[in-house]
Protein chains: 2
Amino acid sequence: MPIYNFSAGPARLPKEVMEKAQSEFCNYQNSGSGILELSHRGKYFAPVMERAEQNVRELMNISDDYAVCFVQGGASMQFAMVPMNLLNGGTADYVDTGVWSAKAAKEAKLFGNVNLAASSKESKYDHIPAQAEWKLTPGAAYMHITSNNTVAGSQYRVLPKAPAGVPLIADMSSDIMSRVFDVNDFGLIYAGAQKNLGPSGVALVIIRRDLLERTSDRVPTMLKYSTYSENASMFNTPPTFAVYMLALVTDHFKTMGGIAEIEKLNDAKAAKLYGYLDSTDFFRTPVAKADRSHMNVVFRTPSDELDAKFVKEATAAGLTDLKGHRLVGGCRASIYNAMPMAGVDALIDFMKEFVRLNG
Amino acid sequence: MPIYNFSAGPARLPKEVMEKAQSEFCNYQNSGSGILELSHRGKYFAPVMERAEQNVRELMNISDDYAVCFVQGGASMQFAMVPMNLLNGGTADYVDTGVWSAKAAKEAKLFGNVNLAASSKESKYDHIPAQAEWKLTPGAAYMHITSNNTVAGSQYRVLPKAPAGVPLIADMSSDIMSRVFDVNDFGLIYAGAQKNLGPSGVALVIIRRDLLERTSDRVPTMLKYSTYSENASMFNTPPTFAVYMLALVTDHFKTMGGIAEIEKLNDAKAAKLYGYLDSTDFFRTPVAKADRSHMNVVFRTPSDELDAKFVKEATAAGLTDLKGHRLVGGCRASIYNAMPMAGVDALIDFMKEFVRLNG
């Protein structure tokens with residue numbers, strides 16, 4: 001029985017990547033050592049780090065106006081690093097579309113003023129507030145969004161633009177490299193790797209170089225973006241194995257035809273799954289149709305008891321990690337880049353049978 | 001030909017551990033997924049995190065007065081987190097025994113006063129300053145040492161004690177779990193994993209719980225030690241694969257008989273290697289005999305040219321990564337816990353032959 005893991009992250013990685021990493025785990029390129037046993041400054045790892053950066057640049061079409069960095073601590077560390085480097089006592093606009101947006105705004109308050117430009121919290125984050133209604137600060141230090149909301153299951157299907165002169169900053173942890181967009185619209189993009197890009201333990205940060213100048217000398221070395229941009233993310237020992245996996249995953253994305261091809265697959269997977277969910281009254285989807293995430297499909301059966309039964313029986317059928325986030329309950333199928341259409345088909349087949357027996 | 005990798009870090013891991021990790025890389029405990037593809041809060045990873053902490057507690061005999069945490073960013077991030085949490089504008093004593101000590105002191109200056117209690121910088125860090133000569137601050141917020149100096153090749157062979165009431169803080173990145181000592185003598189111990197404990201990407205932090213109270217509310221969530229102690233290092237997604245490897249490595253240490261047995265092996269390896277180096281005039285060891293590191297054995301041939309030849313020919317003979325740190329040059333053999341005596345024997349045999357041909 002094939003097993004499909006629908007975890008929201010750490011999440012399934014491409015099968016080809018996992019098998020390649022396993023095959024060379026103990027002996028990387030006949031070095032006699034595993035890649036994780038080798039010096040980060042040696043002849044084996046240094047090209048891996050370069051390839052990881054180059055792959056990201058190619059796949060996302062990133063110009064040299066931007067630095068591409070690999071940082072530890074996940075997106076949660078970025079919640080602090082962004083304002084620590086860029087706020088400097090000014091005012092930043094945050095759009096609150098889920099628990100992660102709220103956490104990002106909370107950290108920013110330690111370094112300046114936070115204007116909550118809009119929030120869908122009162123309706124349990126069931127939609128993305130319309131951009132026309134956002135209350136923006138003239139001359140804000142930056143504007144911060146969360147492009148995809150892993151817990152609520154919503155996503156900016158059209159990415160917003162910031163007013164002229166205001167850097168747009170996005171937490172793209174759960175939809176980076178899932179679709180094509182123009183990096184030039186952003187001042188800074190960050191993303192924990194553990195959904196689409198690799199294992200946990202490394203976050204990708206893409207920052208427009210002019211913003212590097214904003215950081216005060218009072219910021220500790222390891223928390224300054226310039227430390228990463230000036231040292232090719234090797235000021236200290238990087239998380240070598242996580243970067244290596246990210247290099248393999250992005251190699252794989254290139255063989256798939258790049259992000260445009262991946263986006264087509266992601267759109268097709270989401271269309272099929274939402275299409276089925278909409279075709280039955282048994283399942284409910286709480287998110288506004290226009291804002292549905294193509295990465296995290298959140299749904300509920302008619303009761304909490306049936307939710308639990310669904311998750312349990314799906315697991316027994318090889319469809320794992322379908323439980324909703326502990327903060328909201330219900331069910332959630334995360335269908336990141338590495339989830340094949342066959343996994344979505346298997347899930348829909350299981351859902352149909354579950355409805356037949358319990359509907 | 002067996003290959004022995006003498007890298008200073010990331011470094012060789014126990015062969016048994018690497019093989020076990022490889023065998024279950026794509027399918028952890030018949031879950032159908034690799035451990036790095038599984039949710040950190042799921043039934044597979046959560047026990048791994050618990051076991052990692054429990055192993056550290058058992059091996060180092062750590063009481064419940066201490067929290068054991070896993071933090072990203074390496075020891076370099078700890079250089080900032082220590083003063084950010086514990087200095088609060090006070091004065092801390094730093095003993096400068098190498099480039100990493102100096103980097104730690106530099107970060108602390110952002111958060112309070114730093115008193116350089118002693119330094120061996122003027123003699124190129126060739127010894128550990130005698131404790132009787134340290135100029136300590138009465139009522140210091142803490143006293144900071146680097147227990148082993150990876151670049152210089154020196155080590156506190158007897159760990160110092162701090163004055164009563166002053167927490168002793170140690171960067172033990174390159175000798176943690178290499179020898180027995182009493183954790184109760186310390187306020188805080190930190191160590192990047194990538195020498196003795198696992199791959200890069202996770203640092204172990206052991207902190208006396210009363211010190212957790214010192215942290216200001218102005219410290220960002222991800223930089224507060226209490227965030228890790230209160231959430232079993234799972235406030236956000238931890239670096240799951242690095243923690244998993246650390247759990248396997250510490251499992252292995254337990255099967256070896258614990259740290260006391262490992263220390264005997266480490267002492268025997270160091271005695272044999274230094275014994276050979278002392279037996280010939282060809283090699284020079286710059287570090288004072290009493291302060292020689294049992295982890296990083298630094299040495300030189302009669303010339304820079306012969307150093308380079310030695311490193312190159314050793315590599316061809318399967319003895320890799322013997323080049324000294326880029327800041328100091330020369331040669332360095334790192335013989336952490338996972339280096340077997342056979343590796344040291346092979347190195348000495350190669351040295352003898354090199355002397356015969358070039359001496």
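Letters A, B, ... mirror the listed sequences (proteins, then strands); counts begin at 1. Only this structure's heavy atoms are used, side chains among them; waters, hydrogens and symmetry mates stay out. What you see is a predicted model; the values in this text were computed from it and never measured.
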At their closest point, which heavy atom of Ile3(A) faces which heavy atom of Gly32(B), and how far apart are they?
CD1-CA, 3.7 Å
Side chain, backbone, both or neither of Pro83(A) within contact of chain B (heavy atoms, under 4.5 Å):
neither
For residues Leu223(B) and Met84(A), determine if any side-chain heavy atom of one lies less than 4.5 Å from a side-chain heavy atom of the other.
yes
Would you mind checking which part of Glu107(B) comes under 4.5 Å of any heavy atom in chain A, side chain (CB onward), backbone (N, CA, C, O), both or neither?
side chain
Contacting region of Lys106(B) [heavy-atom separation from chain A under 4.5 Å]
side chain
Between Asn5(A) (side chain) and Leu38(B) (backbone), is there a donor-acceptor pair under 3.5 Å?
no
Check whether any side-chain N or O of Ser200(A) sits under 3.5 Å from a backbone N or O of Thr240(B) as a donor-acceptor pair, and report yes or no.
yes
Any donor-acceptor pair under 3.5 Å from Gln72(B) side chain to Gln72(A) backbone:
no
Return yes if a side-chain donor-acceptor contact under 3.5 Å exists between Ser7(B) and Glu37(A), otherwise no.
no
Point-to-point distance, once rounded to the nearest 0.5 Å, from OG of Ser39(B) to NE2 of His325(A)
9.0 Å
Report yes or no: is the cationic atom of Lys103(A) (NZ for Lys, CZ for Arg) under 6.0 Å from the centre of the six-membered ring of Phe235(B), at an angle within 45° of the ring normal?
yes
Quick check on Val219(A) against chain B: is it the side chain, the backbone, both or neither that has a heavy atom closer than 4.5 Å?
backbone
Is any side-chain heavy atom of Pro220(A) closer than 4.5 Å to one of Phe79(B)?
no
Which heavy atom of Met77(A) sits nearest to which heavy atom of Met77(B), and what is that distance?
CE-CE, 3.9 Å
Name the region of Gln194(A), side chain, backbone, both or neither, that has any atom closer than 4.5 Å to a heavy atom of chain B.
side chain
Taking every heavy atom of Met18(A) against every heavy atom of Leu36(B), the minimum-distance pair comes out as SD-CD1, 3.8 Å
Whatever's closer than 4.5 Å to a heavy atom in chain B on Asn27(A) counts as neither
Let me confirm one number: the CZ-CZ distance from Arg41(A) to Arg326(B), rounded to the nearest 0.5 Å.
4.0 Å
For chain A, the option from Ser76(B), Ser33(B), Pro199(B), Ala80(B) that forms the most heavy-atom pairs under 4.5 Å
Ser76(B)
Which atom of His40(A) lies closest to which atom of Pro10(B), heavy atoms considered:
ND1-CD, 3.4 Å
Treating Asn236(B) as the side-chain partner and Gly73(A) as the backbone partner, does any N or O pair qualify as donor plus acceptor under 3.5 Å?
yes
Is the Phe25(A) ring parallel, tilted or perpendicular to the Phe25(B) ring (thresholds 30°, 60°)?
tilted
